[in-house]
Amino acid sequence: MPAKPISLGPMNFAKRGDAVAYLKDMLNRYDVGDRVSAADTVILQAALEHHPNAKEKIGCGITHFSVRSADFGSRCFWVNRPDGTTEKFSITSSIYVAK
């Protein structure tokens with residue numbers, strides 16, 4: 001099966017692996033506790049909209065994204081909502097179903 005192109009906001013990738021690598025590089029540009037830039041937020045929001053549990057992850061909305069600790073000492077992106085709640089999300093789950 002040939003690679004399927006993936007678009008995330010203004011970014012276009014030849015295949016899923018390229019998109020995952022880009023988002024992992026993005027994650028590694030930030031320290032734990034950092035707020036994600038506005039430019040990167042556009043791409044993350046597009047990725048999150050493809051997540052199989054997007055509705056639950058987005059909840060009442062998104063004020064911004066941040067980088068925080070996750071399970072087993074790893075780091076991941078977190079959705080920060082207007083009501084003060086937060087939710088982590090997996091890059092690979094988001095990209096898995098991206099169109």
Side-chain angles (χ1 to χ4, degrees):
M1 177 183 271
K4 185 176 177 183
I6 296 171
S7 294
L8 300 174
M11 302 293 297
N12 297 302
F13 302 94
K15 59 186 187 274
R16 175 184 182 270
D18 294 342
V20 170
Y22 181 86
L23 291 175
K24 284 183 179 182
D25 286 345
M26 180 191 296
L27 178 64
N28 289 325
R29 289 197 309 261
Y30 293 97
D31 292 324
V32 171
D34 284 352
R35 183 177 180 147
V36 173
S37 73
D40 287 343
T41 291
V42 172
I43 297 162
L44 285 180
Q45 188 159 354
L48 182 58
E49 289 170 357
H50 292 291
H51 194 285
N53 300 319
K55 187 175 181 178
E56 293 81 13
K57 298 284 183 187
I58 295 169
C60 64
I62 300 170
T63 58
H64 65 280
F65 291 93
S66 59
V67 173
R68 294 181 23 205
S69 296
D71 302 327
F72 310 109
S74 63
R75 301 174 327 135
C76 70
F77 291 112
W78 287 73
V79 176
N80 297 270
R81 302 182 187 120
D83 65 0
T85 60
T86 60
E87 180 73 33
K88 65 183 174 181
F89 75 98
S90 166
I91 292 169
T92 54
S93 292
S94 295
I95 301 304
Y96 182 72
V97 295
K99 296 178 176 78

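Since this is a predicted model, take the numbers as computed values, not measurements.
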So how far is it from Met11 CE to Leu23 CG, rounded to the nearest 0.5 Å? 9.0 Å
Provide the closest heavy-atom pair for Lys88 versus Ala70 in the form atom of the first, atom of the second, distance. CD-CB, 4.5 Å
Could you pull out all residues at least two apart from Arg68 that satisfy salt bridge (Lys or Arg N to Asp or Glu O under 4.0 Å)? none
Enumerate the residue pairs fulfilling ring-ring contact (aromatic ring centres under 6.0 Å, His included) with a member in residues 56-78, sequence neighbours excluded, ordered by first and then second residue. Phe65-Phe89
For Arg75 and Leu27, indicate whether the former's side chain and the latter's backbone hold a donor-acceptor pair under 3.5 Å. yes
Are the side chains of Val79 and Ile58 in touch, meaning some heavy atoms are under 4.5 Å apart? no
Verify side chain to side chain contact (heavy atoms under 4.5 Å, CB included) between Leu48 and Gln45, making sure each step is shown before the conclusion. CA-CA 5 Å; Leu48 182 58; Gln45 188 159 354; 5.6 Å; no
Decide yes or no for Ile6 and Asp18: does some side-chain heavy atom of the first lie under 4.5 Å from some side-chain heavy atom of the second? no
Answer with yes or no whether the hydrophobic clustering places Val36 together with Val42; edges join I, L, V, M, F, W, Y residues whose side-chain heavy atoms lie under 4.5 Å apart. no
Could you measure the distance from the NZ atom of Lys57 to the CD1 atom of Ile62? Nearest 0.5 Å is fine. 12.0 Å
So Ile91 and Met26, do their side chains get closer than 4.5 Å, heavy atoms only? no
For Arg81 and Gly61 the tightest heavy-atom approach is CG-O, 3.2 Å
Start with the C-alpha gap between His50 and Leu8, add the side-chain angles, then the distance that decides, and say whether side chain to side chain contact (heavy atoms under 4.5 Å, CB included) holds. CA-CA 9 Å; His50 292 291; Leu8 300 174; 3.9 Å; yes
Show, in sequence, the C-alpha distance, side-chain angles and deciding distance for Ser66 and Tyr30, and conclude whether the side chain to side chain contact (heavy atoms under 4.5 Å, CB included) test is met. CA-CA 9 Å; Ser66 59; Tyr30 293 97; over 6 Å; no
Passes side-chain hydrogen bond (donor to acceptor under 3.5 Å, both in side chains), Asn12 versus Ser7? Steps please. CA-CA 4 Å; Asn12 297 302; Ser7 294; 2.5 Å; yes
Value for CD1 (Ile43) from OG (Ser37), rounded to nearest 0.5 Å, stands at 8.0 Å
